[in-house]
2 protein chains.
Amino acid sequence: MNSEFTIAVHSLVFLAYRPDRMATSEMIALNVNTHPSRVRKIMSCLRKQGFVRTKEGIGGGFIFNRSPDQVTLAEIYRATSIGSIKPAWCSGNEDEDCMVACNMAEVMDQVFSEAEQQLIAYFERITVADVLRRVQTAQQFKN
Amino acid sequence: MNSEFTIAVHSLVFLAYRPDRMATSEMIALNVNTHPSRVRKIMSCLRKQGFVRTKEGIGGGFIFNRSPDQVTLAEIYRATSIGSIKPAWCSGNEDEDCMVACNMAEVMDQVFSEAEQQLIAYFERITVADVLRRVQTAQQFKN
DNA sequence: TGCAACTGTAACAAATATAATAACAGTAAG
DNA sequence: CTTACTGTTATTATATTTGTTACAGTTGCA
Ligand code: FES
Ligand code: FES
């Protein structure tokens, strides 16, 4: 899995945390620890799916467009990283004269696809608000 | 996830498929479609965990050391790829003066770790023998 | 005993994927 | 009309993954 999912979740949690639920790509990038351009790219994706809206021009930025306790990690995963648990590399060889060589790629495809469904089912149970609460809990344990 | 898990599963299914449950790294590599050296590296790992035993020297190779219907994908995953669903890149920054920046990495760690448990729970339900059966089924649908 | 066919392991090279950065057009506020 | 922002693409740097080579160690067998 690449880290777009992580960045998307972090960005939304950060927005949820802000009183006005708004921040610029620069502020988010600083918080997430990456480049503003990368944030914009991923947020642009989240905008197209309705998670956030954007305001261009001066005083603009990204604005959380839904309720943090309604947005699940499953939705974010689907929006940013669907298919990413399956490795790009596939085993086997269709030209080989062996049932295993010819069909393993397809079977592993099924397996990874079902595995991803399990993952999504788990993410379904966690909202952005939950993650923010976990952050608060983690913070408390430091004090 | 890198593809060591895929290669390990494929190799064991291939061994299970063979009447004598034995094959050399060259035969496996041809079937899997990779380099014999890569197969040896991964099989060496499986040997240390008792999935296979090896015979060096002439007429040697890798031998399935357990019953294919007793070996689950969960065990293979744990042996080869534990921790790999979590991306290496971590968001946040401990030095930042923000609760979210400081704790997201830890929280996402938890989330990915729990997600991986779900994945493993699913893999627990699939054996090498099951995968071989799926291969056979996939083959039938081609005829 | 010596050759041939294997595994075990490490080192290196090539290919690919990921992340960072730069650049610039478009937009809105003031 | 300038400033602060997003949107998007292109490029570069870095990290990861895969392929390949090399060679020592092991075993069977003529
Ligand atoms: S920016 Fe990569 S999936 Fe949206
Ligand atoms: S060879 Fe990579 S985990 Fe075993």
Side-chain angles (χ1 to χ4, degrees), chain A residues 1-8 10-11 15 18 20 22-49 51-65 80-81 83-93 105, chain B residues 1-8 10-11 15 18 20 22-49 51-65 80-81 83-93 105:
Chain A
M1 202 182 307
N2 70 15
S3 38
E4 292 192 352
F5 173 67
T6 300
I7 293 177
H10 188 141
S11 300
L15 287 184
R18 305 216 14 120
D20 59 358
M22 181 167 179
T24 66
S25 64
E26 201 182 332
M27 293 161 68
I28 299 172
L30 189 71
N31 201 274
V32 167
N33 199 25
T34 186
H35 200 278
S37 185
R38 192 166 189 214
V39 170
R40 289 202 293 274
K41 186 170 164 198
I42 293 166
M43 294 305 274
S44 176
C45 187
L46 294 183
R47 173 180 56 82
K48 285 166 189 157
Q49 318 257 349
F51 294 98
V52 298
R53 69 197 143 83
T54 58
K55 235 183 110 184
E56 296 188 14
I58 243 172
F62 297 92
I63 305 151
F64 209 141
N65 200 31
T80 61
S81 305
S84 67
I85 77 156
K86 185 193 160 211
W89 192 93
C90 286
S91 78
N93 180 350
Chain B
M1 200 181 311
N2 69 17
S3 38
E4 291 192 352
F5 173 67
T6 301
I7 294 177
H10 188 141
S11 300
L15 287 185
R18 304 210 22 114
D20 57 359
M22 181 166 180
T24 67
S25 63
E26 199 180 333
M27 294 162 69
I28 298 172
L30 190 71
N31 200 274
V32 166
N33 198 26
T34 186
H35 200 279
S37 185
R38 194 171 187 209
V39 170
R40 289 203 294 274
K41 186 170 165 200
I42 294 167
M43 294 306 273
S44 177
C45 187
L46 294 182
R47 173 179 55 80
K48 285 167 190 160
Q49 318 259 349
F51 295 98
V52 299
R53 68 197 143 84
T54 58
K55 235 183 111 183
E56 295 187 14
I58 245 170
F62 297 91
I63 305 151
F64 209 141
N65 201 31
T80 61
S81 305
S84 67
I85 76 155
K86 184 193 158 209
W89 192 95
C90 286
S91 78
N93 179 351

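Side chains are part of it too, since the values below use all heavy atoms of this structure and drop only hydrogens, waters and symmetry mates. In this text the structure is predicted, and so the values were computed from the model without any measurement. Here is the naming used below: chain letters follow the sequence lines, and residue numbers restart at 1 for every chain.
- Each of B/Gly60 and B/Trp89 was assigned the nucleotide of DNA chain C with the nearest heavy atom; the assignment lying further toward the 5' end belongs to B/Gly60.
- Atom-to-atom distance recorded for A/Ile63:CD1 and A/Arg47:CZ is 12.0 Å, nearest 0.5 angstrom.
- Note that OG of A/Ser11 and CZ of A/Phe64 are 10.5 Å apart. Values are rounded to the nearest 0.5 Å.
- One interatomic measurement links the two molecules: CE of A/Met22 to C1' of D/dT6, which rounds to 11 Å at whole-angstrom precision.
- Rounded to whole Å, the distance from CZ on B/Arg53 to P on D/dT27 is 14 Å.
- The structure places CD of B/Glu4 at 4.5 Å from CD1 of B/Ile42, a figure rounded to the nearest 0.5 Å.
- Of the residues in residues 35-47 of chain A, those lying under 4.0 Å from DNA chain C by heavy-atom distance are A/His35, A/Ser37, A/Arg38, A/Arg40.
- In this structure, the separation between OG1 on B/Thr54 and CG on B/Asn65 is 10.0 Å, given to the nearest 0.5 Å.
- If you measure from atom CD1 of B/Ile28 to atom P of C/dC6, you get 12 Å, rounded to the nearest angstrom.
- Residue B/Thr34 places none of its side-chain N or O atoms closer than 4.0 Å to OP1 or OP2 of D/dT18.
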Scan nucleotides 26-30 of chain C against the protein and return all N/O pairs shorter than 3.5 Å with their distances rounded to 0.1 Å.
from, atom 1, to, atom 2, distance (Å)
C/dT27, O4', A/Glu56, OE1, 2.9
C/dT27, O2, A/Gly57, N, 3.3

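- In this structure, the CD atom of B/Glu26 is 10 Å from the C1' atom of C/dC6, given to the nearest Å.
- The A/Ala88 side chain lies nearest to C/dA17 when the options are D/dG19, C/dA17, C/dA19.
- Of the two residues contacting DNA chain C, namely A/Glu4 and B/Ala23, the nearest-nucleotide position lying further toward the 5' end is that of B/Ala23.
- Distances shown here put every side-chain N or O of B/Thr24 at or beyond 4.0 Å from the OP1 or OP2 atom of C/dA5.
- In this view, A/Arg38 satisfies the side-chain hydrogen bond (donor to acceptor under 3.5 Å, both in side chains) rule with no residue, not counting sequence neighbours.
- With rounding to the nearest 0.5 angstrom, the OG1 atom of B/Thr80 is 9.5 Å from the CD1 atom of B/Ile7.
- Legend: residues meeting salt bridge (charged side-chain N to carboxylate O under 4.0 Å, His left out) with B/Arg18, ordered by chain and number and at least two apart, are B/Asp20.
- Under the rule for a side-chain contact (heavy atoms from CB on, under 4.5 Å), B/Ile58 has no partner lying at least two apart in sequence or in another chain.
- Applying the side-chain hydrogen bond (donor to acceptor under 3.5 Å, both in side chains) definition to pairs two or more places apart or across chains, those involving residues 23-33 of chain B are B/His10-B/Asn31, B/Ser25-B/Arg40.
- Look at NE2 on B/His10: it is 15 Å from P on D/dT18, rounded to the nearest Å.
- Between B/Ser25 and the phosphate of C/dC6, there is no side-chain N or O to OP1/OP2 separation shorter than 4.0 Å.
- Distances shorter than 4.0 Å separate none of the side-chain N or O atoms of A/Lys48 from OP1 or OP2 on D/dT6.
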